[in-house]
*Asks:* 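I am attaching a structure below and will ask some questions about it afterwards.
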Amino acid sequence: MQLPYHVADDILAVHLLSIFITCFYVPCFVFLLALPSLFFTLFSHLFLIILLALLSLSLIFLQHCPTFFPVVSIFLSSLFFSIVVSSLQLWVSFVSPENSEMAWLLILVLVFAVSQATADEEPYIGVNIGTDLSIMPHPTQVVALLKAQQIRHIRLYDADRGMLVALANSGIRVMVSIPNEQLLGIGQSNSTAANWVSRNIVAHYPATNITAICVGSEVLTTLPNAARILVNAMKFIHSALVASNLDNQIKVSSPLASSIILDSFPPSQAFFNRSWNPVLVPMLNFLQSTGSYLMLNIYPYYDYMQSNGVIPLDYALFKPLSPTKEAVDANTLVHYSNVFDAMVDATYFAMAFLNFTNIPVIVTETGWPSKGDSNEPDATMENANTYNSNLIRHVMNKTGTPKRPGIAVSTYIYELYNEDLKPGPSSEKNWGLFDANGDPIYILRLTDSGSLLANDTTNQTYCTAKEGADPKMLQAALDWACGPGKVDCSPLLQGKPCYEPDNVIAHATYAFDTYYHRMGKTSDACDFNGVADITTTDPSKMNQYHASHA
């Protein structure tokens, strides 16, 4: 019988497995330990027989009802694990009967180890960090903002040394990237790839928690001439990781544009552009053999804009739809309530079309612009807020997709900062969640998402010069903020908007508060040798200075 997909592919099964084992094994463990040794062995045999019987019944059920495989696979996973563990315990009791109770103790430790290992499989939201800003914040300021916003997963578009150093010992998980312009050199030379890994990975790991390497970005669609060496580059980078014994900790993949999937709706009919199969098939083979994931960039904004009204705005924005307004896959009769899920499922179906059914998907870019030109009326702060807020809830609630319910796809939002130097229409410059000062572009509506991206400023705090502070110490702190602190103090110059009132308290408050915001509003960012205080009163409303923070 051909199974719809592999048991190993079902991440949900792994989580429910740990719950099943904890609820089923621990009581049995306590019960068996309380028995005399003779009964201990008899009940252990009976326990194993019951498990084998359940396995047989499950397989018979599947043979008659194969459509129930996604549900039964959860139970099968638990049974297989239980049988292996029980067999191990019985083997130990035969070899060394006096140690059989110890075997159960070891098994219990194994159970909890499995449960702990599954914790890292939880879905997450990450953020991309672009650098096309006229004033790019210092790496330490970037990391401070990430910490303040509880962002634990990021993707860099390069392997900038300053960022990797600043991220050391932060606990933040980092995807680094090989820019497209470096692909040719790496894809044609194993030694070049080894040098890149040595310089950008080995030099920083494990202090900086690098988890993946993105080899190029959207190479097939943006740099097709380099497509022929893309898989070679991935293999060379992976070989260098193997040589450094880092291949189990760091995955290698390459983000693909969703446009390489043709006929993406209905998802069940989706397939990759066949002209790219000579590249995609070896790539998928590589991802499968190395236990990596397919990286995909999904932009419902562009799908909506290019659909000529076929795709409703609410469908693109994750807004709730009535069943009559949901899109229906005519082949599977599955309902889709948003573009994102439909595209993820289309990707799974496209891989299955090429006989790859156990490669997970990670969305490396998605988002919505908050501002656009006159011909981009739907690039608004309200729509950007709606999309990203709904996206975060969708991922963190482990909703999953219609094809794989309960199996959420980890996703990276595009992007942390607005990039004002990006070429193209206004929308290209306005995908960020924050401006260069670390202030939110809009307030995400995330009441149920914990502290992740909790950029709600309704309880805003500020950093001001302390009343009664020594003017000389204030001046020294002001000089530091405008110098080594890298605060742009040009608005304090004569004739500029923040020059008045012209006194050290007002000027210091401006510099202190600007630095405080750029450092993510951490408490130690408002000290300045004891001459500053954190307050909930906006200093611009105290007439101390004409602040840029409203």
Side-chain angles (χ1 to χ4, degrees), residues 129-145 148-149 162 370-371 381 416-422 426 429-430 432-443 455 457-550:
I129 303 178
T131 57
D132 285 344
L133 286 75
S134 52
I135 303 176
M136 180 65 197
H138 189 271
T140 56
Q141 297 169 337
V142 177
V143 174
L145 177 62
Q149 295 297 320
S370 60
K371 184 179 179 181
M381 277 197 263
L416 187 64
Y417 295 114
N418 275 344
E419 296 185 271
D420 60 310
L421 297 182
K422 278 275 190 181
S426 294
K429 311 174 194 296
N430 290 280
L433 299 172
F434 299 89
D435 63 20
N437 289 324
D439 293 326
I441 303 300
Y442 46 84
I443 307 304
N455 61 353
T457 55
T458 53
N459 294 316
Q460 183 66 277
T461 57
Y462 306 87
C463 181
T464 61
K466 183 180 292 186
E467 289 186 20
D470 184 341
K472 291 183 179 179
M473 292 185 66
L474 277 176
Q475 185 63 54
L478 172 61
D479 293 342
W480 182 90
C482 296
K486 299 185 183 301
V487 172
D488 178 14
C489 292
S490 58
L492 298 175
L493 298 175
Q494 190 169 6
K496 298 294 182 179
C498 298
Y499 175 72
E500 296 290 346
D502 181 20
N503 61 64
V504 69
I505 294 177
H507 287 191
T509 292
Y510 171 87
F512 293 172
D513 193 48
T514 302
Y515 180 82
Y516 176 65
H517 276 73
R518 293 189 68 177
M519 296 303 290
K521 296 187 290 185
T522 58
S523 58
D524 57 355
C526 184
D527 181 65
F528 297 98
N529 289 326
V531 297
D533 270 334
I534 294 175
T535 178
T536 56
T537 304
D538 187 344
S540 67
K541 294 177 172 58
M542 298 164 58
N543 293 322
Q544 284 189 319
Y545 75 99
H546 303 289
S548 61
H549 304 295

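Remember, predicted model here, so these are calculated numbers, not experimental data.
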*Asks:* Any side-chain heavy atom of V142 within less than 4.5 Å of one from M136?
*Replies:*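 A side-chain contact exists here, since the closest heavy-atom pair is under 4.5 Å.
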*Asks:* How long is the straight-line distance from CG of N430 back to OG of S370, given to the nearest 0.5 Å?
*Replies:* 4.5 Å
*Asks:* Side-chain contact, heavy-atom cut-off 4.5 Å: Y516 with F528?
*Replies:* no
*Asks:* Do you know which two heavy atoms are closest between D513 and C463, and how far apart they sit?
*Replies:* OD1-N, 2.9 Å
*Asks:* Knowing that exactly one of D420, I441, L133 qualifies, which makes a side-chain contact (heavy atoms from CB on, under 4.5 Å) with D435?
*Replies:* I441
*Asks:* Enter the distance from C489:SG to Y515:OH here, rounded to the nearest 0.5 Å.
*Replies:* 12.5 Å
*Asks:* Just how far is it from atom CD of Q475 to atom CD1 of I505, taken to the nearest 0.5 Å?
*Replies:*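 That separation rounds to 12.0 Å.
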*Asks:* When rounded to the nearest 0.5 angstrom, what is the spacing between OH in Y510 and CG in L492?
*Replies:* 6.0 Å
*Asks:* Given Y442 and L433, is the side-chain contact (heavy atoms from CB on, under 4.5 Å) satisfied, shown in steps?
*Replies:* CA-CA 7 Å; Y442 46 84; L433 299 172; 3.4 Å; yes
*Asks:* For N529, does the CG atom have more than 12 heavy-atom neighbours from other residues, nucleotides or ligands under 6.0 Å away?
*Replies:*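 Result for CG/N529: open.
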*Asks:* Between E419 and T131, what is the shortest heavy-atom contact and its length?
*Replies:*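 Taking E419 first and T131 second, the nearest heavy atoms are OE2-N, 3.0 Å.
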*Asks:* Measure the acute angle between the ring planes of Y499 and H507, then classify it against the limits of 30° and 60° as parallel, tilted or perpendicular.
*Replies:* tilted
*Asks:* Counting only heavy atoms not in I135, do more than 12 fall under 6.0 Å of its CD1?
*Replies:*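 Count not over threshold, so no.
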*Asks:* Going by heavy atoms in the side chains, are T464 and T509 under 4.5 Å from each other?
*Replies:*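 The answer is yes, as the side chains (C-beta and beyond) meet within the 4.5 Å cut-off.
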*Asks:* Which heavy atom of G438 sits nearest to which heavy atom of L145, and what is that distance?
*Replies:* O-CD1, 4.0 Å
*Asks:* Under 3.5 Å, side chain of N418 to main-chain N/O of G432, donor-acceptor pair present?
*Replies:*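 Judged by distance alone, yes, a pair lies under 3.5 Å.
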*Asks:* If you take all heavy atoms of L478 and A508, which pair is closest and at what distance?
*Replies:* CD1-CA, 4.0 Å
*Asks:* Over all heavy atoms of both residues, which pair between A511 and A481 is shortest? Give the atoms and the distance, please.
*Replies:*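 Scanning both residues, the minimum pair turns out to be CB-CB, 3.9 Å.
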*Asks:* Working to the nearest 0.5 Å, report the span between CG of L474 and CZ of F512.
*Replies:*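 Atom-to-atom, L474:CG and F512:CZ are 5.5 Å apart.
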*Asks:* Keeping K496 on the side-chain end and S490 on the backbone end, is there a donor-acceptor pair under 3.5 Å?
*Replies:*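 A pair under 3.5 Å: no.
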*Asks:* Measuring from N437:CG to Q141:CD, what's the distance to the nearest 0.5 Å?
*Replies:*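 Result: 9.0 Å between the selected atoms.
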*Asks:* Just by distance, no angles: are the side chains of D533 and T535 close enough, under 3.5 Å, to form a donor-acceptor pair?
*Replies:* no
